[in-house]
Amino acid sequence: MIVLIYLMAGGFQGAAAAMGGKDSVVNLCLHFIPVKLLVPGVFLMCCFISTSIGTSMGTIAAINVAQGAHLNVAVVGAAVIGGSYFGDNLSMISDTTISAAEGCGSEMKDKFKMNFFIALPAAIVAIILYSIFGGVGSGAIEAGSYNIIEVLPYFIVLIAALMGVNVAVVLFVGILASGIIGLCVGSCGFFEWIQAIGSGMSDMFSISIVAILV
């Protein structure tokens, strides 16, 4: 079961990214961050994005916003990485979350709730400190276009998992939703979708082997 969930999580991440979901989530968040509160805004954005997409590495690509707003790249980098790990630790489709919950036999939603209350105080302190020491941005934030429909698969997976629906079923629905939305909006073809699922699953191969060996 844990290997199946790993593969399904990888397939969903690949499918959702291929149809433009990850880029839409990033650009959607960037459109609503005031330049004067860019550093704490970037931190919150990365918390949300990494929780949605289940990985910290996909979020770290958002660091280039610092250059356009003339901010300290190191401080923004810290906000991006901190927010990325916050969400990666909570996400229902993160490999670390899956292995932790499946390894000790707990429900994914219970693991989410417990981790949330552990991480929330640190996140609040981080937001306050970034607001004080992050500096005031100037210039323009380079945010690309987004399609709100392309963000829906992430919300479907997150909400359904919190409701207690079987994670494998949730991820399967997320993969289907990504393909249907991608085909409807024309952001991804059928064979691109299939290839993205396979690529995402292959990324989970190593950790799947580790799980089998353990």
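The first residue of the sequence shown is numbered 1, and numbering continues consecutively from there. For the numbers below, each heavy atom of this structure counts, side chains included, while hydrogens, waters and symmetry mates do not.
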Between Asn147 and Ser24, what is the shortest heavy-atom contact and its length? N-OG, 3.3 Å

For the CD atom of Glu150 and the CG atom of Leu152, what is their distance to the nearest 0.5 Å? 9.5 Å

Under the side-chain contact (heavy atoms from CB on, under 4.5 Å) rule, collect the residues that match up with Ser206, sequence neighbours excluded. none

Do you know the tightest heavy-atom contact between Ser208 and Tyr6? OG-CB, 3.7 Å

Residues two or more places apart in sequence or in another chain: which of them pass side-chain contact (heavy atoms from CB on, under 4.5 Å) with Ile124? Leu120, Ile128

List the atom of Phe12, the atom of Val157, and the distance in Å for their closest heavy-atom pair. CZ-CG2, 3.6 Å

Euclidean distance, Leu7 CG relative to Ile207 CD1, rounded to 0.5 Å: 11.0 Å

In residues 175-189, what donor-acceptor pairs under 3.5 Å come from side-chain atoms, sequence neighbours left out?
residue	atom	partner	partner atom	Å
Ser178	OG	Gly174	O	2.9
Ser187	OG	Met19	O	2.8

Without placing hydrogens or testing angles, list every side-chain donor-acceptor pair under 3.5 Å for residues 38-48, not counting sequence neighbours.
none

What pairs with Ala9 under side-chain contact (heavy atoms from CB on, under 4.5 Å), at least two apart in sequence or on another chain? Ile93, Ile98, Leu171, Met204

Apart from Met114 itself, which Ile, Leu, Val, Met, Phe, Trp or Tyr residues share its cluster (side-chain heavy atoms under 4.5 Å, direct or through members)? Ile118

Sequence-distant partners of Ala122, side-chain contact (heavy atoms from CB on, under 4.5 Å), two or more places apart: none

For Phe86, what residues pass the ring pair (Phe, Tyr, Trp, His ring centres under 6.0 Å) criterion, not counting sequence neighbours? none

Who are the side-chain hydrogen bond (donor to acceptor under 3.5 Å, both in side chains) partners of Asp110, not counting sequence neighbours? none

Crowding at CD1, Ile149 (>12 non-hydrogen neighbours, <6.0 Å): no

I'd like to know if the side chain of Ser202 reaches the main chain of Ser199, judged simply by a donor and an acceptor atom lying under 3.5 Å from each other, with no hydrogens or angles considered. yes

By ring pair (Phe, Tyr, Trp, His ring centres under 6.0 Å), which residues pair with Phe116, not counting sequence neighbours? none

